[in-house]
Enquirer: 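Mind having a look at this structure? Questions to follow.
Labels below follow one simple rule: chain letters A, B, ... track the order of the sequence lines, proteins then strands, and each chain is numbered from 1.
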There are 2 protein chains.
Amino acid sequence: MTEHSDLTRNQSLVLGALEKAEGPLSAYTILDKLRDDGLRAPLQVYRALDKLLDMGLAHRLESLNAFVACAHPHCHNTGLIAFAICETCGQVSEFSDDVVRQRLDAWAKAEGFRPTRTTMEIRGQCRKCAA
Amino acid sequence: MTEHSDLTRNQSLVLGALEKAEGPLSAYTILDKLRDDGLRAPLQVYRALDKLLDMGLAHRLESLNAFVACAHPHCHNTGLIAFAICETCGQVSEFSDDVVRQRLDAWAKAEGFRPTRTTMEIRGQCRKCAA
DNA sequence: GTATCGAACGTTACATCATAACATATCTAT
DNA sequence: ATAGATATGTTATGATGTAACGTTCGATAC
Ligand SMILES: [Zn+2]
Ligand SMILES: [Zn+2]
Ligand SMILES: [Zn+2]
Ligand SMILES: [Zn+2]
């Protein structure tokens with residue numbers, strides 16, 4: 001468990017819930033887990049998530065409408081991040097590949113496209129679940 | 001405009017709406033465009049979309065909760081597809097890169113991960129809008 | 001200290017996206 | 001004709017996300 005000293009109470013609660021979880025959580029699932037801590041409305045969760053995403057402490061999985069704590073919260077890997085999502089057990093692996101980043105950068109440059117953020121999600125089965 | 005001879009009426013209508021559109025459309029926007037053709041309920045659109053996605057004639061943009069007609073409906077590029085989405089004008093470019101596909105395959109093989117489908121979406125500004 | 005400003009918070013109501021469940025219709029092959 | 005599979009139509013509901021409002025809190029300036 002990481003420190004989060006500079007986080008607000010709600011941000012801390014939300015990040016804590018994500019870190020404690022086995023896999024990705026929807027905003028409403030997070031809310032349910034934090035009712036006992038005083039959270040009552042979706043916006044409280046969404047606002048905290050927005051900040052956590054900005055800070056790189058959490059990520060949004062677009063193909064699941066769900067969120068995970070960053071697996072590498074200390075090394076702020078600013079480059080492109082990829083996620084492998086097991087559809088059986090829900091486990092998420094976060095990784096990055098420099099060659100992939102370079103290829104996408106090259107495509108963007110050739111097209112004159114200015115990327116702001118990129119999402120990359122591989123759905124499938126992890127080693128355990130494929131066995 | 002492509003032929004779609006083997007499509008059902010609803011599938012044909014939905015694909016037509018996507019092809020006519022400048023950019024990605026949400027399911028409900030498609031529904032609104034097809035009210036005059038007799039469509040009344042979201043499920044009619046979602047069911048048609050499911051088939052079109054299966055056939056590779058349309059794609060879902062996860063980061064937008066929206067859909068586009070395939071830009072290459074004839075060459076069924078079975079490999080990984082990437083999308084560049086302009087956040088200013090909404091234009092979507094569909095492309096693929098063999099090196100990227102190979103790198104992801106290599107990662108998956110090394111991890112023992114069995115991919116079923118991959119989404120890759122670059123958000124940013126197209127050349128025109130960046131000028 | 002207290003005035004001021006901006007960020008975070010709390011709450012209600014609402015908007016948007018997607019599916020469950022069930023009844024009909026249509027198409028295809030025997 | 002009949003049986004099975006696929007597509008359709010309809011209602012209701014679930015799941016996800018935001019607008020708009022006012023309040024509270026914490027830092028800086030005077
Ligand atoms: Zn991360
Ligand atoms: Zn698994
Ligand atoms: Zn395509
Ligand atoms: Zn543009």
Side-chain angles (χ1 to χ4, degrees), chain A residues 4-18 21 23-55 57-68 83 85 87 90 92 117 119 121 123, chain B residues 4-18 21 23-55 57-68 83 85 87 90 92 117 119 121 123:
Chain A
H4 324 316
S5 47
D6 53 344
L7 298 180
T8 69
R9 169 174 164 81
N10 286 1
Q11 290 162 14
S12 222
L13 286 170
V14 168
L15 183 52
L18 288 176
L25 298 180
S26 77
Y28 279 74
T29 304
I30 295 171
L31 177 57
D32 286 341
K33 287 181 184 298
L34 296 177
R35 296 236 181 242
D36 292 344
D37 297 289
L39 292 211
R40 316 247 108 227
L43 257 195
Q44 297 177 286
V45 174
Y46 281 110
R47 291 204 273 231
L49 282 170
D50 279 348
K51 296 301 179 185
L52 294 172
L53 297 183
D54 281 350
M55 295 187 240
L57 296 176
H59 301 293
R60 175 187 177 82
L61 300 176
E62 303 282 359
S63 67
L64 292 178
N65 295 328
F67 304 85
V68 289
F83 299 92
I85 303 166
E87 295 182 304
V92 175
R117 69 181 179 286
T119 73
E121 301 175 17
R123 309 282 294 266
Chain B
H4 324 317
S5 47
D6 53 343
L7 299 180
T8 70
R9 169 175 164 79
N10 286 1
Q11 290 161 13
S12 221
L13 286 169
V14 169
L15 183 52
L18 288 176
L25 299 180
S26 77
Y28 277 74
T29 303
I30 295 172
L31 177 57
D32 286 341
K33 288 181 184 299
L34 296 178
R35 295 237 181 240
D36 293 344
D37 297 288
L39 293 212
R40 318 247 105 230
L43 255 198
Q44 298 177 283
V45 174
Y46 280 110
R47 292 202 273 228
L49 283 170
D50 280 348
K51 297 300 180 183
L52 294 172
L53 297 183
D54 280 351
M55 297 185 237
L57 296 175
H59 300 295
R60 175 186 174 86
L61 300 175
E62 303 283 0
S63 68
L64 292 177
N65 295 330
F67 304 85
V68 289
F83 299 93
I85 302 166
E87 294 184 302
V92 174
R117 68 180 180 286
T119 73
E121 301 177 15
R123 308 284 293 266

Enquirer: Under 4.0 Å: is that the gap between some side-chain N or O of A:Ser26 and OP1 or OP2 of D:dT16?
Expert: yes

Enquirer: So, do B:Leu7 and B:Met55 sit near enough that their side-chain heavy atoms are less than 4.5 Å apart?
Expert: yes

Enquirer: For A:Lys51 and for A:Leu43, locate the closest nucleotide of DNA chain C by heavy-atom distance; then report the residue assigned to the nucleotide nearer the 5' terminus.
Expert: A:Lys51

Enquirer: Quick one: B:Leu64 CG to C:dT16 P, roughly how many Å, whole number?
Expert: 15 Å

Enquirer: With no hydrogens and no angle check, is any side-chain donor or acceptor of A:Arg35 less than 3.5 Å from a backbone partner on A:Arg40?
Expert: yes

Enquirer: Considering just the side-chain nitrogens and oxygens of B:Thr8, establish if one lies under 4.0 Å of OP1 or OP2 belonging to D:dT8.
Expert: yes

Enquirer: Atom CG of B:Asp50 to atom P of D:dT8: distance rounded to whole Å?
Expert: 12 Å

Enquirer: Inspect the surroundings of CG in A:Asp54 and state if more than 12 heavy atoms from other residues, nucleotides or ligands are less than 6.0 Å away.
Expert: yes

Enquirer: Find the distance A:Glu62:CD to D:dG17:C1' and express it as a whole number of Å.
Expert: 13 Å

Enquirer: Can you tell me how far the CG atom of B:Leu57 sits from the CG atom of B:Asp6, to the nearest 0.5 Å?
Expert: 8.0 Å

Enquirer: Identify, residue by residue, the members of residues 31-41 of chain B with a heavy atom below 4.0 Å from DNA chain D, and return them in order of residue number, or none.
Expert: B:Arg40, B:Ala41

Enquirer: Looking at B:Asn65, I'd like to know whether one of its side-chain N or O atoms comes within less than 4.0 Å of OP1 or OP2 on D:dG17.
Expert: no

Enquirer: Pick the closest DNA chain D nucleotide for A:Arg47 and for A:Phe67 by heavy atoms, then say which residue is nearer the 5' end.
Expert: A:Phe67

Enquirer: Check whether any side-chain nitrogen or oxygen of A:Arg60 sits under 4.0 Å from OP1 or OP2 of D:dG17, and answer yes or no.
Expert: yes

Enquirer: In this structure, how many angstroms lie between the P atom of D:dT16 and the CG atom of A:Leu61, rounded?
Expert: 13 Å

Enquirer: Would you call B:Ser26 and B:Asn65 a side-chain contact if the rule is heavy atoms closer than 4.5 Å?
Expert: no

Enquirer: Starting at the 5' end of DNA chain D, which residue's closest nucleotide do you reach first, A:Thr29 or B:Gln44?
Expert: B:Gln44

Enquirer: Check the distance between C:dA8's P and A:Asp6's CG and give it to me in whole angstrom.
Expert: 11 Å

Enquirer: Decide, applying a 5.5 Å centre-distance limit and a 30° plane-angle limit (both strict), whether A:Tyr28 stacks on D:dT16.
Expert: yes

Enquirer: What is the distance from CG of B:Asn10 to C1' of C:dT26, rounded to the nearest Å?
Expert: 13 Å

Enquirer: When the distance from CD1 of B:Ile30 to P of C:dA18 is rounded to whole Å, what number comes out?
Expert: 10 Å

Enquirer: What residues, two or more places apart in sequence or in another chain, satisfy side-chain contact (heavy atoms from CB on, under 4.5 Å) together with A:Asp37?
Expert: A:Arg9, A:Leu13, A:Leu34

Enquirer: Without decimals, in angstroms, what is the distance between A:Leu7 CG and C:dA7 C1'?
Expert: 14 Å

Enquirer: Using side-chain contact (heavy atoms from CB on, under 4.5 Å) as the criterion, list what pairs up with B:Ser63, not counting sequence neighbours.
Expert: A:Glu62, B:Ile85, B:Glu121, B:Arg123

